[in-house]
Q: 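Sharing a structure below in structure tokens format, with a few things to ask.
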Amino acid sequence: MTTHLLKKNSEFWTQDRSLTALLIYLMISIFFILPFAALGYFELVISDVVFSLILISGVFSIAPQKSVKVVMVLLAILTFIVRWIFVVNPSRPIMLAETIFTIIFLTALAILVLLQVFKEGHINFHRIQGAVAVFLLIGLIWANLFQAIHLVDESSFMFIPEITSDNETFFTKFLYFSFVTLTTIGFGDITPVHPLAKSLVMLEGLIGMLFPAIMITRLVGLEIESRKSRATTKS
């Protein structure tokens with residue numbers, strides 16, 4: 001019975017449907033769990049549980065070669081362990097280590113998702129959702145980058161007290177700031193001061209403008225090629 005369930009689980013995560021599942025995990029974590037945890041409706045540990053689900057789903061998503069999957073599993077386990085060490089024994093060095101491992105894992109996951117989105121074959125709705133998942137992953141990566149800079153130098157960002165909430169964790173603030181920057185909204189309640197922080201903000205804003213245009217163009221091109229290939233095969 002256990003072997004059958006593991007086989008079904010493995011089959012699911014090698015299909016395009018896994019991209020939809022990953023997107024759902026990301027949306028639940030970013031737009032529901034973290035904001036409500038900051039307001040005190042949930043314990044912050046719940047957001048860690050959801051993030052751990054993202055790690056687990058990411059491990060079983062997409063990695064085509066066994067060697068790549070092994071590396072991703074090891075990286076996910078390491079990130080998972082460091083993250084929960086911080087939950088049990090919070091300290092700045094552990095938090096910085098957890099943030100760095102998270103950046104590495106999310107970057108690797110985003111690359112694997114892109115490979116799945118752009119692989120040969122028909123461009124379906126799941127692949128489009130995979131592209132959206134990559135966009136959200138970029139926001140998460142930059143939120144962690146901002147947090148890492150803040151952990152190294154607390155004066156890297158300036159917060160307006162009248163606008164920012166003291167009840168929020170710094171990661172929640174940087175998550176908000178990251179997506180505001182990625183979507184090029186820029187309310188101005190958080191301002192980068194450190195030169196590296198400014199550079200990352202400019203880079204994320206540039207990605208936010210170029211990513212949707214490049215992604216749509218590429219997906220349309222792949223769909224046209226796929227239709228031409230199917231037409232040639234039929235004829």
Side-chain angles (χ1 to χ4, degrees), residues 5 8-63 72-73 75-84 86-87 90 95 98-99 101-114 116-117 124-147 165 167-183 185 204 207-208 211-212 215:
L5 290 175
K8 288 292 185 182
N9 182 72
S10 179
E11 290 175 355
F12 172 78
W13 289 113
T14 55
Q15 298 173 3
D16 287 343
R17 290 183 298 166
S18 64
L19 297 174
T20 300
L22 181 59
L23 177 61
I24 291 172
Y25 279 130
L26 287 169
M27 293 187 71
I28 290 174
S29 179
I30 294 170
F31 302 115
F32 182 73
I33 298 296
L34 284 174
F36 279 93
L39 292 173
Y41 290 102
F42 300 117
E43 292 293 334
L44 191 59
V45 70
I46 296 179
S47 66
D48 291 301
V49 171
V50 175
F51 185 80
S52 299
L53 290 175
I54 294 174
L55 296 184
I56 295 170
S57 65
V59 166
F60 290 99
S61 298
I62 316 104
M72 288 295 289
V73 168
L75 186 55
I77 292 174
L78 189 57
T79 307
F80 180 87
I81 292 173
V82 175
R83 188 173 188 85
W84 283 93
F86 174 75
V87 172
M95 188 176 187
E98 181 267 328
T99 303
F101 282 123
T102 300
I103 292 169
I104 296 172
F105 181 85
L106 291 178
T107 301
L109 179 57
I111 292 172
L112 289 176
V113 173
L114 278 177
Q116 179 78 350
V117 170
N124 53 38
F125 187 60
H126 296 298
R127 293 204 194 183
I128 295 174
Q129 290 178 316
V132 177
V134 173
F135 194 72
L136 295 182
L137 284 171
I138 291 172
L140 277 174
I141 292 169
W142 252 258
N144 281 278
L145 285 170
F146 294 146
Q147 177 168 270
S165 173
N167 295 326
E168 294 179 279
T169 63
F170 275 109
F171 179 74
T172 306
K173 292 179 180 179
F174 287 130
L175 183 66
Y176 154 79
F177 177 65
S178 176
F179 279 96
V180 166
T181 304
L182 188 63
T183 53
I185 298 175
E204 186 178 22
I207 292 174
F211 182 88
M215 183 63 66

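Throughout, residue positions are numbered sequentially from 1 according to the sequence presented. What you are looking at is a predicted structure, and each value in this text was computed from that prediction instead of being measured.
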Q: At their closest point, which heavy atom of Q147 faces which heavy atom of F171, and how far apart are they?
A: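 Of all heavy-atom pairs spanning Q147 and F171, the closest is OE1-CB, 3.0 Å.
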Q: Look up atom CG in L19 and atom CD1 in I24, then write down how far apart they are to the nearest 0.5 Å.
A: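 That separation rounds to 11.0 Å.
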Q: Looking at A143 and L175, what are the two nearest heavy atoms and their distance?
A: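 Residues A143 and L175, closest heavy atoms: CB-CA, 3.6 Å.
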Q: Please name the pair of heavy atoms, one in E204 and one in S178, separated by the smallest distance, quoted to 0.1 Å.
A: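 It is OE2-OG, 2.6 Å.
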Q: Supply the atom-to-atom distance I104 CD1 to I141 CD1, rounded to the nearest 0.5 angstrom.
A: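 Nearest 0.5 Å value for the CD1-CD1 distance: 11.0 Å.
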Q: Give a yes or no answer on whether the side chain of T183 reaches the backbone of F179 with a donor-acceptor pair at less than 3.5 Å.
A: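 Yes; judged by distance alone, with no hydrogens or angles, the pair exists.
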Q: Which residue pairs pass the salt bridge (Lys or Arg N to Asp or Glu O under 4.0 Å) test when at least one of the two sits in residues 127-142, sequence neighbours left out?
A: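 As it turns out, the salt bridge (Lys or Arg N to Asp or Glu O under 4.0 Å) pairs with a partner in residues 127-142, which skip direct neighbours, are D16-R127.
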Q: What distance separates T181 OG1 from W142 CH2, expressed to the nearest 0.5 Å?
A: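 If I round to the nearest 0.5 Å, the distance is 11.0 Å.
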Q: Grab the two heavy atoms, one from H126 and one from T20, that are nearest each other, plus how far apart they are.
A: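 Scanning both residues, the minimum pair turns out to be ND1-OG1, 2.5 Å.
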Q: For F31, is the CZ atom crowded, meaning more than 12 foreign heavy atoms sit under 6.0 Å from it?
A: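 Result for CZ/F31: enclosed.
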Q: Are the side chain of T99 and the backbone of N144 linked by a donor-acceptor contact shorter than 3.5 Å?
A: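 Side chain of T99 to backbone of N144, a donor-acceptor pair under 3.5 Å: no, none is there.
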Q: Could you report the tightest heavy-atom contact between I207 and P212, atom names first, then the distance?
A: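 Looks like O-CD, 4.1 Å.
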Q: May I ask you to test the I138-F211 pair for a side-chain heavy-atom distance under 4.5 Å?
A: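 Result yes, sub-4.5 Å side-chain heavy-atom pair found.
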Q: Once you round to the nearest 0.5 Å, how far does OG1 of T102 lie from CG of L140?
A: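 Output value for this atom pair is 9.5 Å.
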